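Notes to accompany the following structure.
None of the values given here were measured: they were computed from a predicted structure.
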Amino acid sequence: MNAMPFFGYHMPSFTYPGVRPDGIFEHAAELARSAESAGFELVTVMDHFYQITGIGAEEEPMLEGYTTLGGLARETSRVRLATLVTGVTYRNPAVVAKMVTTLDVISNGRMICGIGAAWNESEHIGYGSPFPPIRERMDRLDEALNIIKLMFTQERPSFSGTHYRIDRALNNPRPVQAGGPRIMVGGGGEKRTLRLVARYADMSHWFGPLADIKRKSEILDRYCEEEGRDPATITRTMGSPVVLVENEGQAKTVMERMPPERRVMFQPATPEQAAEILQDFIDIGIEGFTFGNPTLRTPEEFDRARRLIKAVKNS
């Protein structure tokens with residue numbers, strides 16, 4: 001991600017009309033390769049076990065995130081890879097660090113470690129995972145980020161917290177990336193999440209309209225000052241506020257196809273219009289935008305993304 005802003009291709013859905021279950025991964029890999037070819041610099045998957053509200057029905061197919069990233073690491077050559085993002089409740093954080101490190105080795109240094117506080121209670125119930133109140137989940141996230149950072153940067157770290165502990169934990173082989181994969185915290189909670197970003201993260205990921213994003217960025221700046229952190233060392237990213245279309249008629253069709261609860265999150269725009277809209281976010285410090293695969297699945301749609309990326313990078 002040397003050129004800024006960068007663009008990420010997010011794959012929250014594995015529901016592909018006409019694709020048999022045994023062809024799901026190959027189709028996902030084809031989309032990832034298409035994204036790489038179109039100029040995307042990051043490919044991400046969800047860390048969920050059930051499909052989530054707003055994307056599709058709970059019963060729709062969902063590939064496990066880290067296993068999928070291992071396959072995508074071998075199917076791509078340039079894009080960075082990450083979960084967007086891992087729920088802290090699903091796995092021991094030392095194991096997460098080991099998994100991400102392994103994927104960093106497999107991908108030759110292309111992994112990012114995405115993590116957040118988790119929210120989807122339904123899959124916790126289904127899989128028998130504890131789903132503590134948000135206060136405890138945030139406490140766990142704080143400890144988990146500490147452990148992951150230690151596992152990436154120290155040879156035999158120890159840590160003892162309320163919820164997690166490690167004792168001279170070994171993480172060998174070491175990450176390919178010096179200092180370990182960058183850590184991305186997903187979530188825009190203004191009291192605790194943004195403070196954890198200031199304390200531990202290399203990247204943040206948010207959603208929302210321009211005014212909300214501007215406020216979160218200003219709050220993060222304040223937390224960075226309190227934590228003694230240079231705010232310029234944190235890459236601020238967000239889910240794209242636009243959905244790419246070719247014309248006004250197509251915009252109507254695309255928005256009608258989208259679940260009602262998600263329509264308010266997006267503005268339909270041609271690549272040229274989208275470049276102008278995104279510039280307002282770039283002006284307040286956003287350095288990366290992720291686009292979801294529900295609206296980027298065909299050669300024509302990837303061509304629109306390619307045009308947008310070119311327009312933004314040339315502006």
Do [X] and [Y] meet the criterion of a side-chain donor-acceptor pair at a distance under 3.5 Å?
{"X": "Ser158", "Y": "Arg165", "answer": "no"}
{"X": "His10", "Y": "Thr290", "answer": "no"}
{"X": "Thr235", "Y": "Arg182", "answer": "yes"}
{"X": "Arg297", "Y": "Ser13", "answer": "yes"}

(request) With salt bridge (Lys or Arg N to Asp or Glu O under 4.0 Å) as the test, would you mind laying out the steps for Arg195 and Asp142 before giving the verdict? (result) CA-CA 10 Å; Arg195 183 175 289 280; Asp142 192 338; over 6 Å; no

(request) Taking atom CD of Glu225 as the centre, report whether more than 12 heavy atoms of other residues, nucleotides or ligands fall under 6.0 Å from it. (result)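 Incorrect, the count does not exceed 12.
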
How far apart are the closest heavy atoms of [X] and [Y], and which atoms are they?
{"X": "Pro173", "Y": "Val105", "value": "CG-CG2, 4.0 Å"}
{"X": "Pro12", "Y": "Met62", "value": "O-CE, 3.5 Å"}
{"X": "Pro241", "Y": "Phe281", "value": "CG-CE1, 3.6 Å"}

(message) Check the orientation of Phe40 and Tyr9. Use parallel for under 30°, tilted for 30 to 60°, and perpendicular for over 60°.
(response)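 The rings of Phe40 and Tyr9 sit tilted, inter-plane angle from 30° to 60°.
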
Residues [X], [Y]: salt bridge by 4.0 Å N-O rule:
{"X": "Arg137", "Y": "Glu121", "answer": "no"}
{"X": "Arg33", "Y": "Glu75", "answer": "yes"}
{"X": "Arg222", "Y": "Glu190", "answer": "no"}
{"X": "Asp47", "Y": "Arg91", "answer": "yes"}
{"X": "Lys214", "Y": "Glu218", "answer": "yes"}
{"X": "Arg156", "Y": "Asp167", "answer": "no"}
{"X": "Glu287", "Y": "Arg236", "answer": "no"}

(request) Please confirm whether Arg229 makes a cation-pi placement over Tyr223, using NZ or CZ under 6.0 Å from the six-membered ring centre and within 45° of the ring normal. (result)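 No, cation not above the ring by the 6.0 Å, 45° rule.
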
Rounded distance [0.5 Å steps], [atom1] in [X] versus [atom2] in [Y]:
{"X": "Arg199", "Y": "Leu145", "atom1": "CZ", "atom2": "CG", "value": "10.0 Å"}
{"X": "His48", "Y": "Leu63", "atom1": "NE2", "atom2": "CG", "value": "14.0 Å"}
{"X": "Asp303", "Y": "Glu300", "atom1": "CG", "atom2": "CD", "value": "8.0 Å"}
{"X": "Arg140", "Y": "Ile134", "atom1": "CZ", "atom2": "CD1", "value": "12.0 Å"}

(request) Examine Val197 and Ile112 and state if one hydrophobic cluster contains both, with Ile, Leu, Val, Met, Phe, Trp and Tyr joined whenever side-chain heavy atoms are less than 4.5 Å apart. (result)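 No, separate clusters.
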
(message) Can a donor-acceptor pair be found, under 3.5 Å and without considering hydrogens, that links the side chain of Glu60 to the backbone of Ala57?
(response)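 The answer is yes, because a donor-acceptor pair under 3.5 Å joins these two groups.
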
(request) Check whether any side-chain heavy atom of Val85 lies under 4.5 Å from a side-chain heavy atom of His205, and answer yes or no. (result)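 In short, these two side chains do not touch, never coming nearer than 4.5 Å.
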
(request) Would you mind reporting whether Leu69 and Thr83 have side-chain heavy atoms less than 4.5 Å apart? (result)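 With C-beta onward as the side chain, the pair touches.
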
(message) Counting the benzene-type ring for Trp, do His124 and Tyr90 have ring centres under 6.0 Å apart?
(response)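 His124 vs Tyr90: aromatic centres under 6.0 Å.
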
